[in-house]
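These figures come from a predicted structure and were not determined experimentally.
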Amino acid sequence: MTGPAFLKTPSRIHEAVPDARSIRCQPFVQVTGGEPWRMERLHDRNDDLLLWVTRGQGRIVINGVRRGLGTNNAVFLPAGTLMSVELGSQGFAQVIQAPKGLTDRLPSEPLHLRPRDAMAQAELTAEIEAMQREIRGGRAFVQDALAAHLTLVAVWLERQKTDGIVDAPRETEAERLVRRYSRLLVEHFRSNLMLADYAQMLDVTPTHLTRTAKAACGLTASEMLMDRVIHEARSRLTDPEPPIGEVAEALGFNSAAYFSRFIEAHTGAAPSALRARATGRAPQTSAVAGRRA
C-alpha cells in the first residue's frame, strides 16, 4: 500500500504548547478555543492532562481504543498519549494541564476513573476550583500553589486507583495491537513510514491492522495516521509564520499545491483561509502558489 506524498520525507514538527513551564486549569471549551478539532482529532501532547467531566456524555480515544465518557468521569493522560476527546453539545468538563514530569506522583500510564462516591467527586472538584481561584487571583508564587494542588490531585488519583475505581475492562488482543500501533504512530508519524511498514513492525498484515484499528478506534489505521498529521498541520497554521509553503515542506509534502488540496479536502478550507481565521489576517494565496509543483 502506498502512502500519501506528505509521508515520503521525514520532517520536523513544531509543537505549539503555550508556556510549557506553567500549570493550567480551565474549562474544556477554553482548551479548544472554540475549535473542536484541537481535541477531536487524534494527537499527542507534550503536557500531562487530567479531564474531569461534570456534565453530559462524549467519547474518548486513548492510544487507539475508543471508550465512552460520562458525568463524573476522570481521565488522566500522560504526555505522549495518542488521544482525542469529543464532548456532546451539553457536555462540560474541566481540564488540568501540567508540564511533563512535574511530579512523580502522577501515573505513568493513562487512567480512566468513574468514581460514584459523592465525597470523592467533591474532593476533585474542590481542588480544581482552588486551582482556578489561584489563577484568577494572580498572587505571588501562584505556580508553586498550583503545583501543591496538583500533588493533591495526584494523591486523589492514587486513592481512587487503590479503591478499585479504575474503569479498565479486560484488554483484548485486538486492543493490544492497536495500542502498540498508536505508540509507533506517536514515535514515527513524522517519518516516511507507510502503513505496510507499520504492519511489518507489528508482524501483521496491513489488512488485519486496518480492520483491527477500525473496530477499536472507529478509524482505519491509515485514517489514524492522517488524523494525526492533519492535527499537526492545523496547529502549525494557527501561527502567522512560517510561510505556508514552508509548512508544507516541513510536513513532508512534495508540493505546496498538493498540501493545499489535501488540507482543503479534509477541513473544507484552504491553508491560507485556516491561517487567516486563526490569526485575523487576510488570506495570502501566493504563499502556496509560489512553491514547488
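Salt-bridge check for E171 with R179: passed, with a basic side-chain N closer than 4.0 Å to an acidic carboxylate O. Between R261 and E264 there is no salt bridge, since none of the side-chain N atoms of the basic residue sits less than 4.0 Å from a carboxylate O of the acidic one. Salt bridge annotation for E232-R236: absent, with no cationic side-chain nitrogen under 4.0 angstrom from a carboxylate oxygen.
Applying the salt bridge (Lys or Arg N to Asp or Glu O under 4.0 Å) test to residues at least two apart or on different chains, none of the pairs has a partner in residues 199-217. Listed by first and then second residue, the salt bridge (Lys or Arg N to Asp or Glu O under 4.0 Å) pairs involving residues 67-91 are R59-E86, R67-D167 (not counting sequence neighbours). The ring-ring contact (aromatic ring centres under 6.0 Å, His included) contacts involving residues 202-236 comprise W37-H231, H43-H231, where partners must be two or more places apart or lie in separate chains.
Under the 4.5 Å side-chain heavy-atom criterion for Ile, Leu, Val, Met, Phe, Trp and Tyr, I135 and F28 are members of distinct hydrophobic clusters. The hydrophobic clustering, which links ILVMFWY residues whose side-chain heavy atoms are closer than 4.5 Å, places W156 and I23 together. Each of L113 and L51 belongs to its own hydrophobic cluster when Ile, Leu, Val, Met, Phe, Trp and Tyr are linked at side-chain heavy-atom distances under 4.5 angstrom. Put simply, V61 and L185 are part of the same group of oily side chains (I, L, V, M, F, W, Y) that touch within less than 4.5 Å, one to the next. L42 and V85 fall into different hydrophobic clusters, defined by Ile, Leu, Val, Met, Phe, Trp and Tyr side-chain heavy atoms under 4.5 Å apart, directly or through other members.
T279 contributes no side-chain N or O that, together with a main-chain N or O of P240, makes up a donor-acceptor pair within less than 3.5 Å. Remark: the backbone N or O of A147 is paired with a side-chain donor or acceptor of T151 at under 3.5 angstrom. Side chain of T103 to main chain of L106: no donor-acceptor pair is present (N/O by atom type, distance under 3.5 Å, no hydrogens or angles). Of the possible polar contacts, none joining the Y181 side chain to the A213 backbone as a donor-acceptor pair under 3.5 Å is found. A donor-acceptor pair under 3.5 Å is formed between the side chain of T71 and the backbone N or O of G56. Put simply, the side chain of H266 gets close to the backbone of F262: a donor and an acceptor are under 3.5 Å apart.
Within a 6.0 Å radius of CD in Q200, other residues, nucleotides and ligands contribute 12 heavy atoms or fewer. More than 12 heavy atoms of other shown residues, nucleotides or ligands fall within 6.0 angstrom of atom CD in E223.
Rounding to the nearest 0.5 angstrom, the gap separating the CG atom in L111 from the CG atom in L50 is 9.0 Å. Expressed to the nearest 0.5 Å, how far OG of S84 lies from CZ of R228 amounts to 11.5 Å. With rounding to the nearest 0.5 Å, the separation of OH in Y258 from CD1 in I263 is 10.0 Å. Note that CG of L177 is 9.5 Å distant from OG of S182, once rounded to the nearest 0.5 Å. Taken to the nearest 0.5 Å, the CD1 atom of I62 stands 11.0 Å off from the CD atom of E175. The CG atom of D197 lies 11.0 Å from the CG atom of L202; values are rounded to the nearest 0.5 Å.
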Test log, rule side chain to side chain contact (heavy atoms under 4.5 Å, CB included), inputs M131 and E134: CA-CA 5 Å; M131 294 176 79; E134 285 287 347; 5.6 Å; no
Verdict with supporting geometry, D48 and L102, side chain to side chain contact (heavy atoms under 4.5 Å, CB included): CA-CA 9 Å; D48 294 332; L102 186 65; 6.0 Å; no
Step-by-step side chain to side chain contact (heavy atoms under 4.5 Å, CB included) determination, L195 to L209: CA-CA 9 Å; L195 180 60; L209 180 58; 3.7 Å; yes
Steps toward salt bridge (charged side-chain N to carboxylate O under 4.0 Å, His left out) verdict (E173, R176): CA-CA 5 Å; E173 185 64 33; R176 281 193 287 272; 2.8 Å; yes
Verdict with supporting geometry, M201 and L193, side chain to side chain contact (heavy atoms under 4.5 Å, CB included): CA-CA 10 Å; M201 294 167 71; L193 293 179; 4.0 Å; yes
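Smallest separation of non-hydrogen atoms from H149 and A130: CE1-CB, 3.5 Å. The shortest non-hydrogen separation linking M39 to R45 is SD-NH1, 3.9 Å. Contact between R105 and A154 at its shortest, heavy atoms only, is CB-CB, 3.6 Å. When all heavy atoms of T238 and S235 are compared, the closest pair comes out as OG1-O, 2.6 Å. Residue G64 comes nearest to M224 through the heavy atom pair CA-CE, 4.0 Å, listed as atom of the first residue, atom of the second, then distance. Smallest separation of non-hydrogen atoms from A269 and L274: CB-CD2, 3.8 Å.
Using a 4.5 Å cut-off on side-chain heavy atoms (C-beta onward), L157 and P107 make contact. Two residues are said to be in side-chain contact when any heavy atoms from C-beta on lie closer than 4.5 Å; V153 and F76 fail this criterion. At least one side-chain heavy atom of P110 sits under 4.5 Å from a side-chain heavy atom of N63.
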Show every donor-acceptor pair shorter than 3.5 Å between a side-chain atom in residues 87-99 and any protein atom, with sequence neighbours excluded, or say none if there are none.
unit_1	atom_1	unit_2	atom_2	d
Q94	OE1	Q132	NE2	2.8
Q97	OE1	Q26	NE2	3.2
Q97	NE2	D47	OD2	3.2

Run the side-chain donor-acceptor check on residues 115-126: report pairs under 3.5 Å with partners two or more places apart or on a different chain.
unit_1	atom_1	unit_2	atom_2	d
D117	OD2	M119	N	3.2
D117	OD2	A120	N	2.9
Q121	OE1	N72	ND2	3.3
Q121	NE2	P115	O	2.9
Q121	NE2	R116	O	3.4
T125	OG1	W52	NE1	3.1
T125	OG1	Q121	O	3.1

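Under the 4.5 angstrom side-chain criterion for Ile, Leu, Val, Met, Phe, Trp and Tyr, V155 has no cluster partners at all.
Among the candidates L82, D44, L184, the single residue satisfying the side chain to side chain contact (heavy atoms under 4.5 Å, CB included) test with F189 is D44.
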